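First the structure, in the form of structure tokens, and then the observations on it.
Here the structure is a predicted model, which means the values were calculated and not measured. By convention in this document, chain letters (A, B, ...) are assigned in the order of the sequence lines, proteins followed by strands, and residues within each chain are numbered from 1.
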Amino acid sequence: MSVTAHAPGHASGHEPGHDAGKRDFLKLVAAAGAAVGVGAIVWPMIDSMNPSADVLALGSVEVDLAPVPVGQAITVVWRGKPMFIRHRSPEEIKAAQDVKLSQLTDPQTDAERVKAGHEQWLVVIGICTHLGCIPLGNKPTDPRGEYGGWFCPCHGSQYDTSGRVRHGPAPLNLALAPYEFTSDTKIKIG
Amino acid sequence: MAGLHKSEIENPVLNWIDTRLPVITMMQKEYGVFPTPRNFNYLWNFGALAMVVLMIMIASGILLAMHYTPEKTMAFDSVEAIMRDVNFGWLLRYGHANGASMFFIVVYIHIFRGLYYGSYKAPRELLWMLGVVIMLLMMATAFMGYVLPWGQMSFWGATVITNLFSAFPLVGEHIVTWLWGGFSVDNPTLNRFFALHYLLPFVLIGVIFLHVAALHITGSNNPLGIDPKGPQDTLPFHPYYTIKDSVGICVFLIVYAAVVFFAPNLFGEPDNYIPANPLATPAEIVPEWYFLPFYAILRSVPDKLGGVLMMFGSIIVLFVLPWLDTSPVRSARFRPVYRVFFWLQLLACIVLGMVGAHRPEGIWVILGRVSTAWYFLHFLVILPLLGKLERPLPLPESISRAVLRGGGGGPLPGGATAKPMEKV
Ligand code: HEM
Ligand code: FES
């Protein structure tokens, strides 16, 4: 390549050194132009693999909480993910509030994880933050682990009644999703 | 360099072709008269076996794809229809599923053969590294293939493995969403996995071509690990090794057929006959057996990112192995201490495989940690030191001398007069 690139320079009798500077500049511009061009076409290709508009549009779900008795939990699907909605008993709320932050892997107070005035409702994404299994604990027959929340069967992570990780390889608390109360017994997730 | 090739083929039609595109001459040079060490043992069959399995996988895979539907509500049923309704569909599917297991058995033996006989050492470093790339591609292909039947293990295996990437700080979550094409493993994931599962074996063919091309530059290693010094040390590939490979292929096909016909679910997980349910994780998630040692390493490290890095590291370390092993002697036959460590390392890998199959509790946690540590210790500490400390046994003068004497080592009396190797 460099041989052919230099040939015209010699043929037209320019001084090689002087010419080389120009050649380098042209090469640089050509390479930079090509890089931008390639980037411009590679990004759409990569981005085409990201969630498509219809997947993103799976937007929001409304949930009626009235049928959920104290101490029980339900699972609803939001954006293809299971959402755990748990009706906590006063003892469970107290247990969650009484934990010292220094005992937590991912320190967060219970108040940061529920809506003020609706402390009995815990709404979390039901996906173990370790490698994505669905923790057990929503069905009355499920094991809930030592901390009374959820127990992940995959690698043994345990969560408390605020959905915070207390034991095992999971690094983070069960994630929160955006939701709001549309009435006292209805929420809208998303 | 343009110009017609002067072909020596007698058949006029073949000669006409060979003059214009010398593929026949090339095949004759690379697989006919190709000088090959005369002392191969049956462990040298496994490269050819891997090639045979790959062909079987591609053939059965393409036929399966004609009946399979990569859509989440239909995938599971289409696989069941293949099993029940498609003519010989059961044979295609069982052949393909067990073929994957056979592929890994063959390639793992092929790799350990290389470890024992030092086939990764100069001048075969690049050949070896291409082999590691092949292994990575095989793993990716097998992983995505396992997702396609869309059973419980497919779904949750895919979830756990793709989530590995979430361990990386900052970009992790974005990578996972990008891999999924959504916010969980779902239809877009299934679709792209099918596309890639179809593609990757053809990428494999390309890399294997380079692997074999590199092999034909360096020539094969052999059980003695010494270079052939002349024609007396080699045999033409055909008919000697075409026959030896054929024997191996027959034995291999017997084993393979026995599994396909008499124990087709031997390597499978019963849970994968339950359709995928995104809302319920099976009580026990186990990957396919060939991933178990890596899965064990992942779980042995109590930190999420650490586990992921160690797991990838266990393969990355193979890339630099040629430079970690400082001993100039290739074959373990002449390395009495390395030989012991070789078997210990094999044991560590088997133990890791067993650890991966059990819940991480009690003794399995300890075994997992010890063998993970040992795995890395072997490559990163023992091998570099051993090359300096170990006293290898004397190497034989030449392959032919050692072979004709019937057996292993020892210098030969009377100074063998091996002719210098002719340039081929
Ligand atoms: C699809 C998978 C593979 C195929 C089809 C394949 C094919 C082959 C073939 C045909 C040979 C020559 C015959 C022999 O020496 O056995 C060979 C040699 C070799 N392969 Fe592979 N291979 C594969 C995977 C691997 C992997 C995963 C590694 C290592 C990580 C590897 C490392 C080597 C080495 C080092 C040699 C030279 C061995 C010697 O001459 O001693 N191969 N391969
Ligand atoms: S996925 Fe829950 S502990 Fe690993």
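- Minimum heavy-atom separation, A:Pro169 to B:Lys304: O-CB, 4.4 Å.
- A:Asp47 is not listed as a side-chain neighbour of B:Trp178, based on a closest heavy-atom distance of 4.5 Å or more.
- Within the 4.5 angstrom heavy-atom criterion, no atom of A:Ile127 approaches chain B.
- Shown here for A:Val55 and B:Pro188, the closest heavy-atom pair between the two residues is CG2-CG, 4.4 Å.
- For B:Thr159 (side chain) and A:Gly132 (main-chain N/O), no donor-acceptor pair under 3.5 Å exists by modelled atom type.
- Pairing each heavy atom of B:Pro282 with each of A:Pro153, the nearest pair is O-CG, 4.3 Å.
- Although no hydrogens or angles enter the test, the distance criterion places no donor-acceptor pair under 3.5 Å between the side chain of B:Ser184 and the main chain of A:Lys81.
- The nearest pair of heavy atoms linking A:Pro51 to B:Thr177 is CG-CG2, 3.4 Å.
- Taking each heavy atom of A:Cys154 and B:Thr281 in turn, the nearest pair found is SG-CG2, 3.6 Å.
- Counted within 6.0 Å of CZ on A:Phe181, heavy atoms from surrounding residues, nucleotides or ligands total more than 12; the atom is thus considered enclosed.
- The environment of A:Lys115 atom NZ is dense: over 12 non-hydrogen atoms of other residues, nucleotides or ligands sit within 6.0 angstrom.
- Of all residues in residues 292-301 of chain B, those placing a non-hydrogen atom less than 4.5 angstrom from a non-hydrogen atom of chain A are B:Tyr295, B:Leu298, B:Arg299.
- In this structure, A:Leu101 places its CG atom where more than 12 heavy-atom neighbours from other residues, nucleotides or ligands lie under 6.0 Å away.
- Within the 4.5 Å cutoff, the side chain of A:Cys133 has heavy atoms near those of the B:Val160 side chain.
- Both the backbone and the side chain of A:Pro82 come within contact range of chain B, judged by heavy atoms closer than 4.5 Å.
- Atom CD1 of A:Ile46 is surrounded by more than 12 heavy atoms from other residues, nucleotides or ligands within 6.0 Å.
- Within the 4.5 angstrom heavy-atom criterion, only side-chain atoms of B:Ile285, from C-beta onward, approach chain A.
- With a 4.5 Å cut-off on side-chain heavy atoms, A:Leu131 and B:Leu164 count as touching.
- Summarising the local packing, CZ of A:Phe25 is surrounded by 12 or fewer heavy atoms from other residues, nucleotides or ligands at distances under 6.0 Å.
- Interatomic distance, A:Met83 CE to B:Leu279 CG, rounded to the nearest 0.5 Å: 12.0 Å.
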